[in-house]
Amino acid sequence: MIWVFAIVGLLLIVVIGLVVIGRETARLAASPRPAVFDLAVAVEFIADRLPAETQARISHEDVRWILLADADLLEETTATPVPAGGEADDLLDGSFVDEDMAVARIFEAAEREGRELVDEDVAAVLEVRLAYLELIGAVGGEVGDEVD
């Protein structure tokens, strides 16, 4: 008699476990993949899609430096508290960071470090970076299938 209860109990535990695992698997399958910015993949993706003139002037290391400089400058900008009515409020209202200002900030950082970059090259990297961010689902609609 004890064996019957043990077998029924074991079957009940297995069924409950399978139901819980199945439910969580279905929930995770239906949820969107998280957007993960992989710097090495981003550098390759961006460098391969830059205009030919830009590819002739800058290296993969320059693309990497531009991406890191932009991230550092964005972090600096957002880490500083802005008084009410300032540009942080504009961002919350749905405005975007001015692309010309982003290029100018990166260009100034490049000059400080002695890097010889052209404004058009920085702008091209940032433009293709936006395409990468859209592809991985960090901005815009759904996540793309795969980064080549």
Side-chain angles (χ1 to χ4, degrees), residues 9-148:
L10 180 63
L11 287 176
L12 187 62
I13 290 171
V14 169
V15 168
I16 290 171
L18 290 174
V19 167
V20 169
I21 290 172
R23 184 187 68 212
E24 288 303 306
T25 302
R27 184 184 64 82
L28 290 174
S31 66
R33 292 185 305 172
V36 177
F37 188 90
D38 183 338
L39 184 60
V41 173
V43 167
E44 287 296 320
F45 179 90
I46 293 166
D48 291 345
R49 286 161 180 80
L50 289 171
E53 309 82 45
T54 300
Q55 287 182 357
R57 287 190 296 257
I58 67 173
S59 67
H60 281 61
E61 179 55 35
D62 290 328
V63 172
R64 184 179 191 286
W65 183 88
I66 291 169
L67 293 174
L68 290 174
D70 185 50
D72 290 342
L73 292 169
L74 285 173
E75 186 175 337
E76 275 179 29
T77 303
T78 57
T80 306
V82 177
E87 73 182 58
D89 289 338
D90 293 339
L91 289 175
L92 293 175
D93 291 339
S95 301
F96 297 95
V97 175
D98 182 23
E99 183 179 332
D100 293 335
M101 285 299 294
V103 172
R105 289 185 345 216
I106 292 171
F107 194 64
E108 288 173 12
E111 285 181 346
R112 282 193 305 268
E113 290 195 18
R115 292 189 172 266
E116 296 195 21
L117 297 173
V118 179
D119 288 350
E120 294 82 20
D121 296 342
V122 173
V125 169
L126 294 180
E127 184 177 324
V128 179
R129 182 215 39 199
L130 181 59
Y132 176 74
L133 292 173
E134 288 172 351
L135 184 67
I136 65 170
V139 297
E142 294 183 16
V143 178
D145 290 335
E146 160 178 334
V147 176
D148 300 350

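Everything numeric here is computed off the predicted structure, so don't read it as measured data. What's counted below: heavy atoms across the whole structure, side chains too, no hydrogens, waters or symmetry copies.
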Point to revise | Rounded distance (nearest 0.5 Å) linking atom CD of Glu120 with atom CZ of Arg57 | key: 6.5 Å
Exercise for review: Measure the spacing between CG of Leu133 and CG of Leu126 and express it to the nearest 0.5 Å.
Suggested key: 10.0 Å
Tell me every residue that passes side chain to side chain contact (heavy atoms under 4.5 Å, CB included) with [X], counting only those two or more places apart in sequence or in another chain.
{"X": "Leu39", "value": "Phe37, Val43, Arg64, Leu67, Leu68"}
{"X": "Asp38", "value": "Ala40, Val41, Tyr132"}
{"X": "Glu127", "value": "none"}

Exercise for review: Identify the heavy atoms of Gln55 and Ala47 that sit nearest to each other, and give their distance.
Suggested key: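 So the minimum-distance heavy-atom pair works out to NE2-O, 2.9 Å.
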Review point. Which heavy atom in Leu50 sits nearest to a heavy atom in Val128, and how many Å separate them?
Key: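 Closest approach of Leu50 to Val128, heavy atoms only: CD2-CG2, 4.0 Å.
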Review point. With a 4.5 Å heavy-atom cut-off, do Ile66 and Ile46 have their side chains touching?
Key: no
Exercise for review: Can you sort out the partners of Arg23 under side chain to side chain donor-acceptor pair (under 3.5 Å), two or more places apart, ordered by chain and number?
Suggested key: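 Partners of Arg23 under the side chain to side chain donor-acceptor pair (under 3.5 Å) test: none.
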Show the atom names and distances, to 0.1 Å, of all donor-acceptor pairs under 3.5 Å that link a side chain in residues 109-118 to residues at least two apart or in another chain.
from, atom 1, to, atom 2, distance (Å)
Glu113, OE1, Trp65, NE1, 3.0
Arg115, NH1, Asp62, OD1, 3.0

Point to revise | Glu24 and Arg27 ion-paired at < 4.0 Å | key: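 Judged by the 4.0 Å cut-off on N to carboxylate O distance, Glu24 and Arg27 do form a salt bridge.
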**Study point:** Chi angles and distances behind the side-chain contact (heavy atoms from CB on, under 4.5 Å) call for Val63, Ile58
**Key:** CA-CA 7 Å; Val63 172; Ile58 67 173; 3.8 Å; yes
